[in-house]
Undergrad: 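Here it is, the structure, as structure tokens.
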Amino acid sequence: MEIKGSRQLYNKLFYIYTAILACVILSLVVYFFTSTRRRFLEQNLSYTEMMGESAAAYMEETADIAEYIHEDLYKSAMELNDALHYMTDEPSDYLRYRLDTYMENKISEYKGIEKFFLDAFQSCSDLNRITLFSYERDEITEYTRDGKSYRRSADNAFKNRIYRENLVDENGFSYLKEIRNPATMKVKGSMLLCFRSDKFRDIYRYYPGPELAVYNEAGAEVFVSPGRYGLSVIMEADSAGELEDTLNVYAEHAQTGKYHVVSYIEKKKAAGIPPSIVIMIMTVGVFVMVLGEFFVRYYLQHLAARLNRILDGMTRVMDGDLEVRIPADKNGDELDLISRYFNEMCVRLDEHIQKRYLAEIEQKNAEMAALQSQINPHFLYNTLEAIRMKAICNGDREVGKMLYSMAVTFRAQLKEADVITLAQELHYSKKYLELFEFRYPNQFQSLVECPEEYLQVPIIKFVLQPIIENYFIHGIRMRETDNFIRIAVEKDEAYRIIVEDNGQGMTGEELAAKNEELRNDTMKKEASIGIANVNRRLKAVYGREYGIHLEAGSGGGLRVILSFRPAEREIEEKTDYDESDAGGK
């Protein structure tokens with residue numbers, strides 16, 4: 001009889017493992033792409049906000065400086081009178097006034113408007129130019145940082161800028177401050193304080209990614225970065241209050257007086273990932289895939305070799321050779337177990353084949369069937385335990401703890417009765433929480449509280465795990481690190497298990513609707529499978545008056561209250577059983 005080798009199984013396992021490996025790596029690549037995209041989005045939004053804040057702060061700083069200089073001028077009578085005479089007198093009369101004032105007051109230094117402006121330039125490095133505009137004489141005088149001044153008649157272009165409050169030119173942006181005669185309160189002229197606009201360019205270069213636009217209400221451009229949108233488009237969208245929606249951008253807007261500061265970044269660009277990082281993620285994914293395929297192929301080849309030895313031994317037995325023996329003490333797994341049973345079978349066949357040949361063949365067939373049925377139904381639990389010990393031996397204690405928590409939970413599903421104690425239920429809940437502590441490190445805290453006298457109270461198993469899972473799916477705030485979940489046991493007329501968190505919670509209307517569905521047992525399974533299942537189980541076992549009730553949490557999250565009331569005989573039986581079990585141990 002021809003027996004096929006292990007190549008078919010090898011190919012099946014190879015394709016299955018390859019598909020699983022590809023799915024895992026694809027999921028990891030998608031996860032890294034998503035997390036990297038989210039990180040760049042958060043970073044670019046932060047840069048946009050900081051750019052807008054820096055530009056607005058500079059604008060507010062210059063406005064405060066301009067106001068301070070204007071107020072400081074009125075604090076010195078000599079400097080203010082000098083400015084008023086300068087704007088209203090003929091040059092010869094102004095010089096005579098200065099000389100007379102100097103002689104009358106017998107001062108060592110005459111403090112005129114030039115000295116005042118020079119001090120202002122020295123105290124403020126961003127002040128670029130000061131211009132005096134005399135309304136009566138229709139003249140302007142420009143003062144620069146080097147102490148020089150230039151006096152000339154005001155042309156129509158300058159006047160139009162003043163009247164239209166278009167105080168922006170190639171030298172910077174200005175603030176207009178009127179100068180009045182304190183005695184008559186009549187306006188004699190104005191003072192234009194011009195500040196550097198290249199500071200906005202420095203701010204724009206400091207934050208990579210976002211764009212910056214600074215302009216005044218007259219539509220004059222102070223600074224506009226070389227982005228996709230011009231000033232007219234930005235102003236039109238901003239005035240309509242639809243800047244983000246119209247231009248499809250994330251934007252920050254601030255206003256100081258008549259000046260507007262807009263920092264923005266296109267939504268597509270904000271969430272974009274640099275090509276170098278994309279290439280790196282893809283390269284790592286391909287490398288891990290190749291490395292995984294190598295280990296899969298190596299493992300399957302080793303497995304196929306062992307299977308071939310078993311098949312070869314079976315073939316030889318079918319040909320009448322009962323002296324064949326298969327090595328069965330190298331790996332300690334199920335294949336070694338099969339090999340040992342196979343060797344034992346050969347021994348027994350050899351002993352009894354002469355006496356009861358046909359009967360022994362049937363007996364061995366039955367034994368083989370029994371062997372197949374003896375495969376441990378807890379194989380997965382034992383395998384997890386073996387992996388956990390391997391992880392601990394390799395120094396990876398965190399993986400060991402995770403596998404232990406998972407193994408405890410899985411074993412409870414297999415071995416525990418349908419009714420367990422509160423102590424067991426809370427223990428499994430703690431192990432389940434430990435799994436999420438590894439998944440979300442340093443993002444939440446958990447607390448389990450139960451009076452000692454309630455620990456032996458019987459309850460149907462796995463009523464807390466779906467509630468905890470529901471919190472981590474719908475309630476936890478992923479961007480926060482102060483998340484907490486608390487489990488407490490109380491008793492009044494019935495026992496109550498309270499699961500409280502500070503998560504996203506529900507509105508009052510949502511709570512009322514959910515409680516109505518829970519009370520009437522009409523909650524749709526597809527809406528919340530875990531809560532609906534636990535609610536139905538509690539009502540079915542303990543009565544319609546028990547089950548789940550939802551409340552708003554004190555910390556802004558949700559309180560899930562599970563109420564139940566086991567019969568007194570169940571409590572006594574459970575306590576007696578636990579005591580007898582402890583004694584037996």
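Note that the structure is a prediction, hence the values are computed from the model and not measured.
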Undergrad: Hey, are the side chains of L433 and I485 touching, using non-hydrogen atoms and a 4.5 Å cut-off?
TA: yes
Undergrad: Would you sort out whether Y299 and F295 count as a ring-ring contact (aromatic ring centres under 6.0 Å, His included), showing the intermediate values?
TA: CA-CA 6 Å; Y299 169 74; F295 283 110; over 10 Å; no
Undergrad: Please check this pair: side chain of N535 against backbone of G547, looking for a donor-acceptor N/O pair closer than 3.5 Å.
TA: no
Undergrad: Could you tell me which residues satisfy salt bridge (Lys or Arg N to Asp or Glu O under 4.0 Å) with R559, sequence neighbours excluded, listed by chain and number?
TA: E500, E551
Undergrad: Give, for atom CZ of R486 and atom CG of L447, the distance between the pair rounded to the nearest 0.5 Å.
TA: 6.5 Å
Undergrad: Which word best sums up how the rings of Y495 and F564 line up, parallel for under 30°, tilted for 30 to 60°, or perpendicular for over 60°?
TA: parallel
Undergrad: Any chance you could lay out the side chain to side chain contact (heavy atoms under 4.5 Å, CB included) test for R297 and F14, step after step, and finish with the verdict?
TA: CA-CA 7 Å; R297 185 178 293 274; F14 179 78; 3.4 Å; yes
Undergrad: Is N248 reaching over with its side chain to a backbone N or O of D245, donor-acceptor style, under 3.5 angstrom?
TA: no
Undergrad: Taking side chain as C-beta onward, heavy atoms only, is I548 less than 4.5 Å from I467?
TA: yes
Undergrad: Where do R537 and I460 come nearest, in terms of heavy atoms and distance?
TA: CB-CD1, 3.8 Å
Undergrad: How long is the gap from CG on L550 to CD on E510, to the nearest 0.5 Å?
TA: 11.0 Å
Undergrad: Any side-chain heavy-atom pair from V262 and L212 closer than 4.5 angstrom?
TA: no
Undergrad: As an exercise, state the distance from CG of L426 to CG of L422, rounded to the nearest 0.5 Å.
TA: 5.5 Å
Undergrad: Has T48 got a side-chain atom pairing as donor or acceptor with I265's backbone, closer than 3.5 angstrom?
TA: no
Undergrad: What is the minimum heavy-atom distance between T246 and A237, and which atoms define it?
TA: CB-CB, 4.3 Å
Undergrad: Before you tell me yes or no, could you show the steps for E425 and K461 under salt bridge (charged side-chain N to carboxylate O under 4.0 Å, His left out), namely the whole-Å CA-CA distance, both residues' side-chain angles and the distance that decides it to 0.1 Å?
TA: CA-CA 6 Å; E425 180 68 13; K461 70 177 181 180; over 6 Å; no
Undergrad: Please identify which of these residues, R477, Q443, Q445, meets the side-chain hydrogen bond (donor to acceptor under 3.5 Å, both in side chains) condition with D482.
TA: R477
Undergrad: Quick one, L455 and C450 - any side-chain contact, counting heavy atoms below 4.5 Å?
TA: yes
Undergrad: Given F444 and E437, is the side chain to side chain contact (heavy atoms under 4.5 Å, CB included) satisfied, shown in steps?
TA: CA-CA 7 Å; F444 79 97; E437 288 178 0; 3.5 Å; yes
Undergrad: Measure from the side-chain N and O atoms of T36 to the backbone N and O of F33, and report whether any donor-acceptor pair falls under 3.5 Å.
TA: no
Undergrad: In sequence, state the C-alpha distance, the side-chain angles, and the governing distance for I459 and V419, and then conclude on side chain to side chain contact (heavy atoms under 4.5 Å, CB included).
TA: CA-CA 5 Å; I459 186 174; V419 177; 6.0 Å; no
Undergrad: Determine whether more than 12 heavy atoms belonging to other residues, nucleotides or ligands lie under 6.0 Å from atom CZ of R39.
TA: yes
Undergrad: Is a donor on one side and an acceptor on the other found under 3.5 Å between the side chain of N515 and the backbone of L511?
TA: yes
Undergrad: Over 60° means perpendicular and under 30° means parallel, so tell me whether Y207 and Y47 are parallel, tilted or perpendicular.
TA: tilted
Undergrad: Does any N or O in the side chain of N44 come within less than 3.5 Å of the main-chain N or O of F40, such that one atom is a donor and the other an acceptor?
TA: yes
Undergrad: Taking 4.0 angstrom as the limit, do R479 and E42 come out as a salt bridge?
TA: yes
Undergrad: Ignoring hydrogens and angles, tell me if any N or O in the side chain of E244 forms a donor-acceptor pair with the backbone of A251 under 3.5 Å.
TA: yes
Undergrad: Centroid-to-centroid, F200 to Y204, below 6.0 Å?
TA: no
Undergrad: With a 3.5 Å cut-off and no angle check, do the side chains of Q43 and S46 form a donor-acceptor pair?
TA: no
Undergrad: Taking atom CZ of F462 and atom CG of N533, what is their separation to the nearest 0.5 Å?
TA: 12.5 Å
Undergrad: Describe, in one word, how the ring planes of F294 and Y298 are oriented to each other, choosing from parallel (under 30°), tilted (30 to 60°) and perpendicular (over 60°).
TA: parallel
Undergrad: So do T421 and V457 actually touch side chain to side chain, heavy atoms under 4.5 Å?
TA: no
Undergrad: Could you check whether the rings of Y440 and F472 sit parallel, tilted or perpendicular, using 30° and 60° as the cut-offs?
TA: parallel
Undergrad: Would you name the heavy atoms of I234 and A213 that are closest together and state the gap between them?
TA: CD1-CB, 3.9 Å
Undergrad: Taking all non-hydrogen atoms of both residues into account, name the closest pair between G285 and I25 and its distance.
TA: O-CG2, 3.7 Å
Undergrad: Would you say that R37 contacts L41 through its side chain, given a criterion of any heavy-atom pair below 4.5 Å between the two side chains?
TA: no
Undergrad: Using only atom types and a distance under 3.5 Å, with no angle test, would you say the side chain of D501 pairs donor to acceptor with the backbone of G557?
TA: no
Undergrad: Atom CG of residue position N442 - does it have more than 12 heavy atoms of other residues, nucleotides or ligands inside 6.0 Å?
TA: no
Undergrad: Let me confirm one number: the CD-OG distance from E490 to S563, rounded to the nearest 0.5 Å.
TA: 12.0 Å
Undergrad: Considering only NZ, NE, NH1 and NH2 on the basic side and carboxylate oxygens on the acidic side, decide whether E516 and R519 come within less than 4.0 Å.
TA: yes
Undergrad: Testing the basics here: between V261 and A55, what is the closest heavy-atom pair and its distance to 0.1 Å?
TA: CG1-CB, 3.5 Å
Undergrad: Indicate whether the side chain of E211 and that of S263 have a donor and an acceptor atom separated by less than 3.5 Å.
TA: no
Undergrad: Please lay out, stage by stage, how M51 and I203 fare under the test side chain to side chain contact (heavy atoms under 4.5 Å, CB included).
TA: CA-CA 7 Å; M51 176 186 286; I203 294 174; 4.1 Å; yes
Undergrad: Salt-bridged, R536 to D521, with N to O below 4.0 Å?
TA: yes
Undergrad: Does some side-chain heavy atom of Y250 sit less than 4.5 Å from a side-chain heavy atom of K267?
TA: yes
Undergrad: Drop me the distance from L300's CG to Y15's OH, to the nearest 0.5 angstrom.
TA: 11.5 Å
Undergrad: Hey, does I498 have a side-chain heavy atom less than 4.5 Å from the side chain of I487?
TA: no
